[in-house]
Amino acid sequence: MDGDGQPRTTVHPLVNHRMLAMLRAVGAGRGLVSCSSEPDLFIDGLSCGDQFAAHALAHLGLISATCTGRPGELVPAVLTPAGEAIVTGEQRPAA
């Protein structure tokens with residue numbers, strides 16, 4: 001409950017089905033991100049075909065790198081708690 005007695009709701013960013021698939025792949029340990037201000041996502045060692053969506057996932061705070069690296073270096077990607085919440089079904093994807 002919040003201060004005025006109303007139940008709290010958690011608001012998650014909306015993701016489409018492609019982004020949800022990308023989140024699931026990262027959650028399964030299959031993702032790498034490049035160390036960059038615009039991190040590129042790689043799934044199973046292959047560059048993700050929708051880098052705009054990959055950048056959005058990073059900027060929305062749904063995925064992150066497990067460690068810091070040199071610029072351009074690929075490091076393992078993980079879901080953030082917000083990304084995990086979306087994958088585990090607390091939010092339906094956008095159409």
Side-chain angles (χ1 to χ4, degrees):
M1 298 280 177
D2 64 15
D4 60 356
Q6 298 297 317
R8 286 187 189 170
T9 58
T10 303
V11 178
H12 299 291
L14 289 177
V15 297
N16 60 34
H17 291 285
R18 181 181 299 160
M19 294 167 90
L20 183 58
M22 294 162 72
L23 289 172
R24 287 181 179 144
V26 170
R30 299 171 38 213
L32 298 171
V33 292
S34 61
C35 297
S36 170
S37 61
E38 290 293 341
D40 292 329
L41 180 64
F42 294 76
I43 303 294
D44 296 332
L46 301 173
S47 178
C48 182
D50 188 348
Q51 290 303 334
F52 292 111
H55 297 165
L57 293 175
H59 292 299
L60 289 169
L62 302 177
I63 62 172
S64 67
T66 58
C67 59
T68 58
R70 294 181 312 274
E73 182 179 3
L74 297 180
V75 297
V78 293
L79 295 176
T80 64
E84 182 70 33
I86 291 172
V87 170
T88 59
E90 290 182 20
Q91 174 195 321
R92 295 250 183 226

task = Looking only at non-hydrogen atoms, find the nearest pair between A65 and V75 and report the distance.
result = CB-CG2, 3.5 Å

key: Distance in Å, L74 CG paired with C35 SG, rounded so as to fall on 0.5 Å steps   = 7.5 Å

Name the atoms and distances for all side-chain donor-acceptor pairs under 3.5 Å in residues 20-33, with sequence neighbours left out.
| from | atom 1 | to | atom 2 | distance (Å) |
| --- | --- | --- | --- | --- |
| R30 | NE | D44 | OD1 | 2.9 |
| R30 | NE | D44 | OD2 | 3.2 |
| R30 | NH2 | D44 | OD2 | 2.8 |

What side-chain donor-acceptor pairs closer than 3.5 Å can you find for residues 55-63, not counting sequence neighbours?
| from | atom 1 | to | atom 2 | distance (Å) |
| --- | --- | --- | --- | --- |
| H55 | ND1 | E38 | OE1 | 3.2 |
| H55 | ND1 | Q51 | O | 3.4 |
| H55 | NE2 | D40 | OD1 | 3.0 |
| H59 | NE2 | E38 | OE1 | 3.0 |
| H59 | NE2 | E38 | OE2 | 3.3 |

Pairs involving residues 67-80, ordered by first then second residue, that meet side chain to side chain donor-acceptor pair (under 3.5 Å) (sequence neighbours left out) = none

ask   = Do V87 and L41 share a hydrophobic cluster, counting only Ile, Leu, Val, Met, Phe, Trp and Tyr and linking them when any side-chain heavy atoms are less than 4.5 Å apart?
value = yes

